[in-house]
Amino acid sequence: LKTSYIDIGTAEATGNCAIAAAAIPSGGYTRRAGTCADTTGDEFTFGLTMEKGWDGGAVYVIPIVANVNASPSGTFTLAINGHCTPAGTARPALSTSNSQNASFTSWTAQYSEEQVATPAITLLGTCPNAATEDISIDFRARVTAAPGQIADIRVLKFLLVYGKTRDSR
């Protein structure tokens, strides 16, 4: 298995989401964090160029978030999907099909970094020979469930997990 981190600072925020510098915990070190206000068109989009040797199979996405509320509670869900685009072709409009949910339903403590994996995401689009070609994958993470504390949730990064062929590095 191979893993890649996507920092929220490289993502795009739309709807009532924003990406800005935030100190987590309060008074702690500053880093980029994503926030959203509700579930009305709120989403983050981000991309990854898969290196040669990806096995062409499913991808798992693990969002990493923190809740800055003193008593964190509620359910926060990101519906995530991906679209495969061969190198040199135009990026398509992102769809909401084939989404898998990452739902945060329990919180360890204020400021604790929480992570929940999606089930396997089957990518949309046409993926060329992943063993020999670079492939761009665009991901969409839509907020579909938000607690009353949504203003306190900070999306920090995404971890992607995927398979590699045996003969790749």
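Note that the numbering runs from 1 along the sequence shown for the chain.
- The main-chain N or O of A37 is found under 3.5 Å from a side-chain atom of D42 such that the two form a donor-acceptor pair.
- To the nearest 0.5 Å, atom OG1 of residue T144 and atom CG of residue L78 are 7.0 Å apart.
- Hydrophobic clustering places L123 together with M50 (ILVMFWY residues linked when any side-chain heavy atoms are closer than 4.5 Å, directly or through intermediates).
- The hydrophobic clustering, which links ILVMFWY residues whose side-chain heavy atoms are closer than 4.5 Å, places V59 and V161 apart.
- The cluster map of Ile, Leu, Val, Met, Phe, Trp and Tyr, joined by side-chain heavy atoms under 4.5 Å apart, puts V61 and W54 in the same cluster.
- Minimum heavy-atom separation, A21 to T30: CB-CG2, 3.6 Å.
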Derivation and outcome, ring-ring contact (aromatic ring centres under 6.0 Å, His included), residues F139 and F158
CA-CA 10 Å; F139 291 92; F158 296 92; 8.6 Å; no
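- Atom CG in D7 sits 9.0 Å away from atom CD1 in I19 (nearest 0.5 Å).
- Atom-to-atom distance recorded for F46:CZ and I6:CD1 is 6.5 Å, nearest 0.5 angstrom.
- How far NZ of K164 is from NZ of K2: 5.5 Å, rounded to the nearest 0.5 Å.
- Hydrophobic clustering (side-chain heavy atoms under 4.5 Å, transitive across Ile, Leu, Val, Met, Phe, Trp, Tyr) groups Y5 together with I62.
- Applying the side chain to side chain donor-acceptor pair (under 3.5 Å) test to every pair with at least one member in residues 10-20, sequence neighbours left out, gives these pairs: N16-D38.
- At distances below 3.5 Å, not a single donor-acceptor pair connects side-chain atoms of Q149 with backbone N or O atoms of N67.
- To the nearest 0.5 Å, the span separating CD1 on I80 from OH on Y60 amounts to 14.0 Å.
- Scanning both residues, S97 and L124, for their nearest heavy atoms gives O-CD1, 3.7 Å.
- Taking the side chain as every heavy atom from C-beta outward, V143 and C36 approach each other to under 4.5 Å.
- A distance of 5.0 Å separates CG of L156 from CD1 of I24, quoted to the nearest 0.5 Å.
- Among residue pairs with one or both ends in residues 97-119, those qualifying as salt bridge (charged side-chain N to carboxylate O under 4.0 Å, His left out) are R31-E113; sequence neighbours excluded.
- Not one N or O on the side chain of E43 forms a donor-acceptor pair closer than 3.5 Å with the backbone of R140.
- Within the 3.5 Å criterion, the main-chain N or O of N81 finds no donor-acceptor partner in the side chain of N98.
- Among residues two or more places apart in sequence or in another chain, the salt bridge (charged side-chain N to carboxylate O under 4.0 Å, His left out) test is passed with R32 by none.
- The ring pair (Phe, Tyr, Trp, His ring centres under 6.0 Å) test applied to F44 returns no partner, not counting sequence neighbours.
- The salt bridge (charged side-chain N to carboxylate O under 4.0 Å, His left out) check on D152 picks up nothing, with sequence neighbours excluded.
- Counting only heavy atoms from C-beta outward, the side chains of Y111 and N69 never approach each other to under 4.5 Å.
- R142 and S99 are linked by a side-chain donor-acceptor pair at a separation below 3.5 angstrom, with hydrogens and angles left out of the test.
- Among residues at least two apart or in separate chains, ring pair (Phe, Tyr, Trp, His ring centres under 6.0 Å) pairs with a member in residues 88-110 are F104-W107.
- Here the closest heavy-atom approach between residue S73 and residue P147 is recorded as O-CB, 3.6 Å.
- The minimum heavy-atom distance between P72 and A109, with the atom names listed, is CG-C, 3.8 Å.
- The minimum heavy-atom distance between I121 and G82, with the atom names listed, is CG2-N, 4.0 Å.
- The shortest distance between side-chain heavy atoms of S4 and Y162 falls below 4.5 Å.
- Cluster annotation: I64 is connected to L1 through the hydrophobic network of ILVMFWY side chains, with a link wherever side-chain heavy atoms come within less than 4.5 Å.
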